[in-house]
Amino acid sequence: MTDSHAFDQKNKEDFDRYSELLAQALLDIAANDSLKATAAELSRLTGIHRNTIRQRVWPLERLETIKENRRIEVCLLYTSPSPRDVEES
């Protein structure tokens, strides 16, 4: 019975450690446009296998949010008037 408890405890510790690694790597990806918002990049940054990452929903949802935010930033960049185009009142 003790071995089962130790195994469960180890799984919980691994799960928590992986969650922390994923959260930090997602923050790094969000802050650095040179890092791709992909499961492969997340895997490279954390050392966690892509299939393990794909088994969790929240990291992939966060990657999609990062991608969408980047698309919005690019759209705003190209649709915002430049200072020389803005007429002073």
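Model, not experiment: these values are computed from the prediction.
Nearest heavy atoms, Arg62 versus Ala30: NH2-CB, 3.7 Å. The two atoms that bring Leu45 and Ala25 nearest to each other are CB-CB, 4.0 Å, heavy atoms only. Pairing each heavy atom of Pro59 with each of Ile53, the nearest pair is CB-CG2, 4.2 Å.
Taking CD from Glu73 and CG from Asp33, the interatomic distance works out to 6.0 Å, rounded to the nearest 0.5 Å. With values rounded to the nearest 0.5 angstrom, Ile66 atom CD1 is found 15.0 Å from Lys36 atom NZ.
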**OP:** Take Lys67 and Glu64 through the test salt bridge (charged side-chain N to carboxylate O under 4.0 Å, His left out) and record every step on the way to the result.
**Re:** CA-CA 5 Å; Lys67 288 179 195 177; Glu64 286 304 315; 3.3 Å; yes
Original post:
When you look at Lys10 and Glu13, which way does the salt bridge (charged side-chain N to carboxylate O under 4.0 Å, His left out) test go after all the steps?
Top reply: CA-CA 5 Å; Lys10 175 70 171 133; Glu13 290 169 4; 5.4 Å; no
**OP:** Determine, step by step, whether Asp16 and Lys12 satisfy the salt bridge (charged side-chain N to carboxylate O under 4.0 Å, His left out) criterion, reporting the C-alpha distance in whole Å, the side-chain angles of both residues, the deciding distance to 0.1 Å, and the verdict.
**Re:** CA-CA 6 Å; Asp16 292 344; Lys12 182 187 179 326; 2.7 Å; yes
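One finds no salt bridge joining Arg17 and Glu20 here, because no Lys/Arg side-chain nitrogen approaches an Asp/Glu carboxylate oxygen to under 4.0 Å.
Contact of the Ile48 side chain with the Ser43 side chain is not registered, since no non-hydrogen atoms from C-beta on lie closer than 4.5 Å. Between Leu42 and Leu26, some side-chain heavy-atom pair lies under the 4.5 Å cut-off.
Under a 4.5 Å side-chain heavy-atom cut-off, the cluster of Ile, Leu, Val, Met, Phe, Trp and Tyr residues that includes Leu27 has no other member.
Legend: side-chain hydrogen bond (donor to acceptor under 3.5 Å, both in side chains) pairs involving residues 45-61, not counting sequence neighbours, sorted by first then second residue: Ser19-Arg56.
Judged as a side chain to side chain donor-acceptor pair (under 3.5 Å), and not counting sequence neighbours, Asn69 has no contacts.
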